[in-house]
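If you're wondering where the values come from, they're calculated on a predicted model, not measured in any experiment. Residue numbers count from 1 along this sequence.
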Amino acid sequence: MTVFEEEFFQGKSCEFSFECQNILDRDFRKIRSIKVENGPWVGYEYPEFQGQQFILEKGDYPCYQAWSGNSSYRTEHMLSFRPIKCANHSDSKITLYECEEFMGRKFEMCEDYPSLQAMGWCSKEVPSIKVNSGAWVGYQFPGYRGYQYIFERDRRQGEYRCYNEFGTQAHTNQIQSMRRIQQ
């Protein structure tokens, strides 16, 4: 992954194949554009993998709108990032639970869903999640919009017992669309 200090791949740049906890330590002021050549990555609004999360799959991100996607919560920079380990799409599986601590009704998913409610989930909330295999991104709203939450089998042993474990910016357990992260 190559990061640039300015939009449209201008200014100082640096190539990474490993995580970066704080781009400021590399004498960057911020990251404003990105080229991802291999593997998926997750970018964070703040150093030390804190704040809003952004999925970064293979492709060019000339400005912050490109990585914040359909989010209504835009941040104009990124200060830390790390690679994501994934399974093949055919191997990806995740279980959603109706209550915290993996209690209540559950639903196993192996496919992408632009609307969890349309597939039968009767709530706007997902209180706990278990990633059986692969890596997924959950979105606050239908249609892959709003805050993004990255769920990985290889982190936290794939267990997210309550919404506080979804990420440092998680203020609610509202997840209304999910998709597998592409390799």
Side-chain angles (χ1 to χ4, degrees), residues 19-22 39-57 64 67-75 77-183:
E19 71 181 29
C20 176
Q21 292 187 8
N22 189 349
W41 294 71
V42 57
Y44 295 85
E45 180 179 14
Y46 300 115
E48 307 296 326
F49 314 122
Q50 302 291 309
Q52 192 170 349
Q53 303 171 22
F54 302 100
I55 184 70
L56 301 166
E57 292 165 307
Y64 76 90
W67 69 66
S68 60
N70 290 326
S71 173
S72 56
Y73 312 102
R74 300 193 192 277
T75 182
H77 62 272
M78 185 179 303
L79 297 177
S80 59
F81 50 86
R82 63 176 177 78
I84 297 173
K85 294 181 183 176
C86 296
N88 292 330
H89 269 329
S90 60
D91 298 333
S92 294
K93 187 156 103 178
I94 193 168
T95 306
L96 312 180
Y97 292 86
E98 180 179 47
C99 302
E100 291 184 352
E101 299 291 332
F102 315 120
M103 304 295 289
R105 188 180 95 142
K106 67 180 182 177
F107 186 82
E108 287 188 355
M109 295 173 36
C110 299
E111 301 291 329
D112 300 346
Y113 285 98
S115 172
L116 294 178
Q117 289 178 315
M119 68 94 184
W121 191 255
C122 41
S123 175
K124 292 180 180 180
E125 300 172 343
V126 180
S128 58
I129 293 174
K130 203 178 274 188
V131 181
N132 307 91
S133 59
W136 296 74
V137 57
Y139 295 85
Q140 183 181 13
F141 300 118
Y144 311 120
R145 297 177 302 112
Y147 280 127
Q148 302 174 26
Y149 304 102
I150 310 303
F151 301 102
E152 300 168 81
R153 174 68 182 108
D154 294 335
R155 292 181 78 78
R156 311 184 59 77
Q157 299 162 345
E159 296 185 352
Y160 301 83
R161 298 179 176 281
C162 64
Y163 78 88
N164 294 16
E165 296 178 352
F166 294 177
T168 60
Q169 90 285 10
H171 302 293
T172 177
N173 57 9
Q174 184 175 348
I175 295 179
Q176 296 184 61
S177 53
M178 291 195 85
R179 69 175 179 83
R180 297 161 291 177
I181 294 176
Q182 299 178 21
Q183 187 67 313

Residue pair Pro114 / Asp112: nearest heavy atoms and the distance that separates them: CD-O, 4.1 Å
Note: Ile55 and Arg179 closest approach over all heavy atoms is CG2-NH2, 3.6 Å
Lys93 side, atom NZ; Arg153 side, atom CZ - distance, nearest 0.5 Å: 12.0 Å
Considering only heavy atoms from C-beta outward, does the side chain of Pro83 approach that of Glu19 to under 4.5 Å? yes
Check whether any side-chain heavy atom of Tyr44 lies under 4.5 Å from a side-chain heavy atom of Gln53, and answer yes or no. yes
When you measure from the side chain of Tyr113 to the backbone of Gln176, do you find a donor-acceptor pair of N or O atoms at a distance under 3.5 Å? no
If you draw a 6.0 Å radius around CE in Met119, do more than 12 non-hydrogen atoms from other residues or ligands fall strictly inside? yes
Can you confirm whether Ile181 sits close enough to Glu57 that some side-chain heavy atom of one is under 4.5 Å from a side-chain heavy atom of the other? yes
Treating Gln50 as the side-chain partner and Glu48 as the backbone partner, does any N or O pair qualify as donor plus acceptor under 3.5 Å? yes
Where is the tightest heavy-atom contact between Tyr149 and Thr172, given as atom of each residue plus distance? OH-O, 4.2 Å
Just to verify, which of Tyr147, Tyr144, Phe54 counts as forming a ring-ring contact (aromatic ring centres under 6.0 Å, His included) with Tyr139? Tyr144
When every non-hydrogen atom of Phe166 is compared with those of Phe151, the smallest separation belongs to CD2-CE2, 3.5 Å
Could you tell me whether the side chain of Ser80 and the main chain of Asn22 form a donor-acceptor pair under 3.5 Å? no
Do Arg82 and Gln21 have side chains that approach each other closer than 4.5 Å (heavy atoms only, starting at C-beta)? no
Glu108 atom CD, neighbour heavy-atom count above 12 within 6.0 Å: yes
CG (Asn132) and CD1 (Ile94) are apart, to the nearest 0.5 Å, by 8.0 Å
Under the side-chain contact (heavy atoms from CB on, under 4.5 Å) rule, what do Met109 and Phe107 come out as? Steps first, then yes or no, please. CA-CA 7 Å; Met109 295 173 36; Phe107 186 82; 3.4 Å; yes
Value rounded to 0.5 Å, distance of CD in Gln148 from CD in Gln52: 7.0 Å
Looking at NZ of Lys130 and CZ of Arg156, how far apart are the two atoms once the value is rounded to the nearest 0.5 Å? 13.0 Å
Report the C-alpha separation of Leu96 and Met178 in whole Å, then their side-chain angles, then the decisive distance to 0.1 Å, and conclude whether the side-chain contact (heavy atoms from CB on, under 4.5 Å) test is met. CA-CA 11 Å; Leu96 312 180; Met178 291 195 85; 3.6 Å; yes
One should read off an interatomic distance between Trp41 CH2 and Met78 CE, to the nearest 0.5 angstrom, of 11.5 Å
Is the shortest heavy-atom distance from the side chain of Phe102 to the side chain of Glu159 under 4.5 Å? yes
What are the two closest heavy atoms between Trp67 and Leu56, and how far apart are they? CB-CD2, 3.6 Å
For Val126 against Ile175, the heavy-atom pair lying closest together: CG2-O, 3.7 Å
Is any side-chain heavy atom of Lys124 less than 4.5 Å from a side-chain heavy atom of Phe141? no
